[in-house]
Structure formats: structure tokens, C-alpha cells
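Following: one structure in C-alpha cells, then a few remarks.
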Amino acid sequence: MKFSDFVKKGAIRANLQSTTKEAVINELVDSLLESGEIAADQRDDIIAAIMKREELGSTGIGRGVAVPHTKHPSVSELVGTVGVSEAGVDFDSLDGERVQLFFLLISPPERPGDHLRALENISRQLRDESFCRFLKQSKSADDIQQLLQEADDNQFAAG
Amino acid sequence: MASVETGILITGILLLLGIVSSKFSARLGVPVLVFFLLVGMLAGSEGIGGIEFENYTLAHAIGTLALSLILFDGGLRTPFHTIRSAWKPAGMLATWGVLITAMITGLAAAWFLEFSLAEGLLLGSIVGSTDAAVVFTVLRGGGVNIRRRLAETLEVESGSNDPMAIFLTVGLIQVLSGAVPFGFGLLNLFVSQIAFGALAGVAVGVAGVWMLQQIRLETAGLYPVMATALGFLSFGTAAALGGSGFLAVYLTGIVIGNRRPVFFRGILLFHDAAAWICQILMFIALGLLSFPSRLLDVAPQALAISAVLIFVARPVAVFLCAAPFQFAFRELVFMSWVGLKGAVPITLATFPMLAGLPGAAVIFDTVFFVVLVSALVQGWSLPAVARYLRLVVPARQPPPVTLEISSLRNVEADIVEYFVDDASRAAGCMVKDLALPAGVVVGLIVRAEQIIPPQGRTRIESGDHVIVVLRPQVRPMVDRVFRMGLQIESTNLPTALEFPLRGSITVGEVERFYDLNLNGPPEETLDELMRDRLDKERVELADSVRFEEIELFVREVSETGTIDYVGMVILPAATASPAEDATSDSPAGDGP
């Protein structure tokens with residue numbers, strides 16, 4: 001599974017404005033809505049599902065990265081987006097650090113394997129410190145897109 | 001009034017009794033202040049001591065002095081990062097939280113004591129703040145280890161909420177005695193309390209740090225005295241300007257403490273002792289001041305007010321003020337329970353006495369009773385409540401103790417003591433093999449009662465205390481060599497990123513969410529499943545259980561041995577079916 005398989009170009013956000021956990025999730029979901037990946041009437045339900053997952057344990061996985069994710073029946077394929085916040089957001093991560101880099105993922109219930117594989121891909125690629133750092137420093141959606149492409153081409157962590 | 005000699009004798013005896021009673025407190029788990037108050041009450045005019053003490057002016061003076069030193073000491077020990085992570089929720093609680101608590105308790109007090117609304121609110125304001133001395137003792141000194149952000153929020157809140165309570169109390173007294181009209185004048189008073197308090201506190205702190213560094217005193221003993229003097233200066237300056245002295249002295253402590261001035265360890269030790277003397281004397285004086293027989297008269301009303309304060313006012317305040325800051329429900333419940341009252345309310349309760357308000361005696365007795373109830377009920381049960389709410393995290397590695405070189409100049413070297421345990425990377429290594437940066441010397445190894453002069457071929461063992469001389473700049477690198485390998489490795493050099501999951505969620509939830517098969521009953525919790533699979537007396541951090549597509553690691557263990565948090569690592573598809581696991585089917589989904 002590659003980033004290009006699920007990260008939707010039009011939804012990438014290089015300068016997130018939100019300062020709280022709930023707001024940043026809203027902002028990321030809205031980016032998918034604006035690029036036409038999800039239906040407007042499903043927005044609130046999707047956000048609720050993501051928040052519900054956060055109750056199991058924050059998806060702030062440390063080192064300034066969070067991967068909020070959920071399954072939702074309204075999508076027919078894996079859709080995801082990437083967002084960067086310059087100031088960082090308190091995401092309740094276990095290490096207490098503010099989160100600057102977000103991967104948000106919504107997967108359809110009927111493709112069980114994809115969900116896990118996409119999460120595995122994200123967590124494997126983020127092991128590379130420079131990939132992580134470059135993403136956090138990105139100033140535009142194009143920069144992020146290009147970094148993801150390079151990661152897909154195995155220029156960072158070995159697959 | 002007795003002679004000075006008798007006064008000194010009595011003070012000595014009372015201090016000793018206070019110290020002895022702290023032993024009981026540790027054994028019984030009751031906050032020390034209860035014992036100090038009891039000593040005071042027993043020594044008082046209605047107790048066996050028969051000491052006549054009804055000087056509210058003196059009690060108020062002792063209380064104010066003691067509080068300022070306790071807050072100064074608390075500030076010295078509060079690192080900046082604590083404030084950075086906690087000031088938002090703590091600030092809300094320290095202002096709006098106090099106001100809400102005071103209003104609800106005040107309404108209840110007006111109702112139960114048949115007071116006027118303003119008198120009721122005065123009583124509510126007096127008991128509105130959470131006590132810093134008690135919270136610091138409970139969270140830092142004893143027994144309760146909770147998540148860092150939660151502890152920091154409570155500490156910063158209790159350190160900074162007294163100005164609000166004091167302001168409300170002073171403001172209402174002025175309204176009741178007709179000095180200030182309700183409304184704009186009151187707001188003005190509040191703003192100047194905060195603004196001048198903060199200004200004086202920070203200004204004296206910054207100037208003080210500079211002075212401590214420049215002055216080059218010849219005698220070490222004068223450094224702590226100079227720090228104390230700065231604290232007083234800050235308090236006095238703020239008060240003279242019409243600001244809050246308590247806020248100022250706390251801020252000055254924070255500024256000085258974070259700059260690590262010369263002879264800082266001496267300064268800390270001195271103020272630790274000073275804070276203890278203050279606590280004991282203050283509580284005993286307040287105990288002396290009370291009349292147990294009068295306390296019984298107000299008991300029913302005071303109990304009712306305590307109940308409202310503990311079960312309604314504080315929880316409402318916490319849930320309204322801290323809810324936007326992403327605390328879990330049980331953390332909010334815990335914060336509600338840490339509404340511990342202490343010396344501030346009793347000291348504040350002397351204010352109406354001094355102002356000569358008509359209901360002052362009843363207010364003093366009621367407040368005294370409420371503080372006793374709060375300290376006994378909440379203070380005593382705090383560790384149990386933390387455990388019940390599953391908020392207890394394992395105690396941190398005993399932090400390496402810095403033995404400061406007692407130099408009167410700012411010498412560029414630290415002597416640091418590290419405790420080596422199994423998780424430490426240094427365990428089992430020879431000294432010459434340690435990856436120490438240049439200019440770092442291992443000075444001494446202490447093994448049990450033995451002192452081992454280190455040589456290159458000396459092997460460091462788990463359980464050793466290693467004393468290292470180093471320059472402060474390289475300290476983080478040396479920390480990495482000696483401190484627990486695990487925590488540092490998991491944050492800085494991850495082999496795989498982990499998703500944290502609470503131990504209390506069920507196998508079914510995880511299976512449904514990630515379409516996994518964990519081979520366990522769906523209603524079982526992850527905590528139960530993990531402990532079941534690990535099958536050992538006591539699970540340890542970093543223990544792991546491997547499943548078909550994921551591996552779960554133990555990340556936080558409670559005091560009772562249950563698993564609070566696990567870390568989930570998703571295994572790459574290629575290695576997801578390990579050879580030794582014969583039962584695993586090939587995982588669904590496509591490979592990378």
C-alpha cells in the first residue's frame with residue numbers, strides 16, 4: 001500500500017489553523033469534504049466516529065504525529081489526507097508533545113485489510129526521522145505531495 | 001502575654017509535637033495539616049495545654065507570612081515546562097473555577113446559616129480556593145503518582161488560585177462594610193491585584209536572578225537568605241502597589257527557580273525547611289485560635305456546606321472550566337476530588353474578624369470545620385480514589401540526584417548521581433565501553449554499602465549508584481547512557497510507531513475496529529487478555545504479546561499490577577505470520 005493509494009491530493013492542508021483536538025479533526029474532515037471525497041450529510045457522523053476511536057486511546061503516537069482514523073460505511077474506498085500545523089495542537093499524546101503532523105484516514109468497512117495496511121504503511125514510513133521532519137516543515141500542499149511521492153518511491157525508510 | 005522565654009519553650013514543644021505527629025500522618029495516610037491543627041486544638045484553651053490564644057491579628061500575620069514562604073518554595077520547584085503544559089486549564093480553574101465554587105457554596109451557606117446573600121458569598125469565597133501546601137504535599141511528597149499533565153494542572157491551579165479567593169474575600173468584606181460599592185470598583189480591585197501582582201513578581205524575579213549571579217557573596221549561607229529576601233521584597237512591592245502579594249511571590253519563586261542561581265541546592269533545602277516550619281506553626285496557631293466547643297455548635301450546617309462544596313460546587317466548577325481541555329471523564333472526577341482546602345481559608349476567615357463584621361465568629365467556626373472535613377475526607381481518600389479511577393501510573397525512575405558543588409562562583413560543572421537498573425543501558429557495561437562524551441568522568445561507584453573506585457575495566461551492575469562529574473551542556477547525552485533505555489528508545493529511536501490503547505477497552509472493540517482476531521473472548525479487556533497471555537506474577541513495562549497482525553506492548557502499569565495502557569504495533573504483512581505461530585492464517589489484504 002502506497003500513500004498515493006489513499007491520500008487525496010486536493011485535501012492536503014499545509015497550514016492547519018485549529019488549536020484543539022476536536023477542531024483539527026473537524027478541519028481535516030472538512031478538507032476531504034471540500035475536495036469531494038466524502039458526502040456533506042455524512043460529515044458530522046464521520047467526525048463522531050473518529051472522536052469515538054480517540055476514546056479508545058489517543059491516536060497521537062508521539063514525536064509530534066497523530067493518525068486519527070475510523071471506519072465508515074459512507075466511503076467506498078480508503079480516503080485520507082495529510083495536514084501540518086505550524087504551531088502544533090495538544091492532542092493528548094502519551095508523550096505529551098504537541099502534534100504538528102496529522103494523517104487522517106477513513107476506510108470502508110467491507111475492505112478490512114486495507115485499513116490496517118494503510119496504518120502500517122504510515123507508521124513504517126514515519127520511522128524515518130528526516131521524512132517526518134521534512135513533512136512538518138512543509139509550507140505548501142505541493143511540498144507534502146512531493147514528499148509522499150518520494151516515500152512511495154522508497155526514497156526514505158526501506159519498505 | 002507570657003515572657004519571651006516561655007514563648008520560645010512553647011514554640012519548641014509545639015514544633016516537636018508537630019513533627020512527631022507527621023509520623024502518624026504518614027502511617028495513617030491522613031494529611032499532616034489535620035494533625036497540626038489537632039495539636040493546636042489540644043494545646044489550646046479548651047484542650048490539655050490550656051494556652052490562651054485569641055489574637056486574630058497575630059494569627060493573620062503568621063498565616064500570611066507562612067503562606068507567602070510556602071508559595072515561594074512551591075514556585076522555586078515548579079519548572080517552566082509544567083506551566084507551559086498546564087497554564088490554560090489551570091488558569092481557568094484558578095479564576096472562573098474559584099468564582100463558580102464560591103458562588104455555589106455561598107448560596108448554600110446563605111441558605112443553611114440563614115445569612116444574607118453577601119455574607120453567604122463571603123463564606124463561599126473564603127473556602128473557594130484549593131490549597132497549594134496540601135496539594136504539593138500530596139502530589140509531590142506522597143504516594144499518588146498520576147499522569148503528568150493532570151498533576152501539573154492541579155499544582156499550577158493550587159499555586160495560583162489564592163489571589164482570586166483573597167480578592168473575592170477582601171472585595172466582599174469591603175462591600176459588606178460599605179467601603180466599596182458592588183460593581184465597577186470591585187472589578188478595578190481585581191484587575192489591579194492580578195496586574196500588579198504579576199508585574200512585581202516577574203520584575204523582582206528577573207532582577208533577583210541577575211543579582212544572585214552578580215553579587216558573589218563570600219558566605220554560602222547568605223544565598224538562601226537573599227532568596228528569601230527577594231521573596232519578601234516581591235510580596236511587599238506587589239502589596240504596596242495594590243497587587244496580590246501571593247501571586248507575586250509565587251511568580252518570583254518560579255523565575256528564580258528556573259534560572260538555577262548559584263548555590264541553588266542550598267536555597268532549595270533552606271526553603272524546604274522554612275516551608276515546613278511555616279506549615280507547622282501556621283496550622284498550630286490556627287488550631288490554637290479555634291474553640292472546639294464552638295465548632296460543635298455549627299457542625300450540622302458546616303457538614304451540609306462541606307457536602308455541597310465537595311459534591312456539587314467543586315465538580316461543577318471543574319467540569320465547566322476544564323472540560324474544553326481534553327481531560328478524560330475520570331480525570332475530571334479526580335480533579336473535582338482534589339478540591340482540598342487548607343490554610344488559606346482559615347487565614348482568610350480571620351479577615352472578617354479583623355474587619356469586625358457581625359457574623360465573623362460563625363464564619364470562622366464554619367470555615368474551620370469545612371477545612372477539617374475536606375482535609376480528612378478528601379485528603380485521606382485521595383490515593384484510594386486515584387486507584388479506583390485507574391489514574392495511578394507507575395512511579396518514575398528515581399531521578400538522578402544532582403549533588404551540587406558548593407562553590408560560591410557559578411562553576412561550569414555538575415556532579416550527578418545516577419541509579420543504574422536493569423533497563424539502563426549502562427548495566428553490565430565496563431566503564432571504558434560506556435559511550436560517554438569527552439570531558440565526562442565517572443568519579444565513584446557505590447554498590448550496596450561498598451565504594452568502588454572506578455577503573456576502565458570496572459563493570460557497572462544493576463543497582464549501582466554511579467557518581468559522574470560533567471559539564472551541564474553534555475548532561476542530556478550522559479542521561480541517555482545511564483537512564484532507562486526503554487523510555488528514551490521508545491520516544492527517540494522507535495523501531496516502530498505504536499498506537500496507544502487504554503487497557504480498559506475490550507478485545508471485541510479492537511477486533512471490530514481493526515478486523516483482527518485476537519483469539520480471546522470479546523468481552524475481556526486488553527488488560528485481562530495481556531495478563532492472561534503473559535501469565536506472570538507481575539507484568540512489566542515493555543512486555544509484549546504477538547498476535548497475527550499486531551503486537552501489543554505493555555506501556556503503563558498501575559500500582560495494583562493492572563495494565564493501564566498498551567501500545568499497538570501493526571506488523572508488516574510479510575512478517576505478520578511468524579513461523580512459530582502455527583495457528584495463524586495468512587493475513588487478509590495486499591502486501592506493500
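Below, chain A is the first sequence line, B the second, and so on; all start at residue 1.
Applying a 4.5 Å heavy-atom cutoff, the residues of residues 19-41 of chain A that approach chain B are A:Thr20, A:Lys21, A:Glu22.
Under a cut-off of 6.0 angstrom, the local environment of CD in A:Glu86 is sparse, with at most 12 non-hydrogen atoms contributed by other residues, nucleotides or ligands. Heavy atoms of other residues, nucleotides or ligands lying less than 6.0 angstrom from CD of A:Gln149 number more than 12.
The greatest number of non-hydrogen atom pairs below 4.5 Å with chain A, out of B:Val510, B:Leu526, B:Val566, B:Ile505, is found for B:Ile505. Contact count against chain A (heavy-atom pairs under 4.5 Å) is highest for B:Phe499 among B:Tyr565, B:Phe325, B:Phe499. Counting heavy-atom pairs closer than 4.5 Å to chain B, the top-ranked of the candidates A:Ile61, A:Val65, A:Ile122, A:Thr59 is A:Ile61. Among A:Lys2, A:Glu55, A:Arg98, the residue with the largest count of heavy-atom pairs under 4.5 Å with chain B is A:Glu55.
Of the two parts of B:Leu501, the backbone and the side chain both hold a non-hydrogen atom closer than 4.5 Å to a non-hydrogen atom of chain A. Proximity to chain B (any heavy atom under 4.5 Å) is shown, for A:Asp5, by neither the backbone nor the side chain. Looking at A:Val67, the atoms closer than 4.5 Å to chain B (heavy atoms on both sides) sit in the backbone and in the side chain alike. Contact of A:Thr70 with chain B is made through backbone and side chain together, with heavy-atom distances under 4.5 Å.
Residues A:Gln145 and A:Ile12 meet the side-chain proximity criterion, which asks for heavy atoms closer than 4.5 Å. Using a 4.5 Å heavy-atom threshold, the side chains of B:Phe334 and B:Leu150 count as touching. Here the side chains of B:Leu93 and B:Val156 are not in contact, with every heavy-atom distance at 4.5 Å or above. Looking only at side-chain heavy atoms (C-beta outward), A:His69 and A:His115 come within less than 4.5 Å of each other.
Of the possible polar contacts, none joining the A:Ser74 side chain to the A:Gln42 backbone as a donor-acceptor pair under 3.5 Å is found.
Proximity of the aromatic rings of B:Phe319 and B:Phe327 is defined here by a centroid distance below 6.0 angstrom, and this criterion is not met. In this structure, A:Phe3 has its ring center under 6.0 Å from that of A:Phe103.
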| request: Could you check B:Glu556 against B:Arg502 for salt bridge (charged side-chain N to carboxylate O under 4.0 Å, His left out), going step by step and ending with a plain yes or no? | output: CA-CA 9 Å; B:Glu556 282 185 24; B:Arg502 292 179 201 279; over 6 Å; no
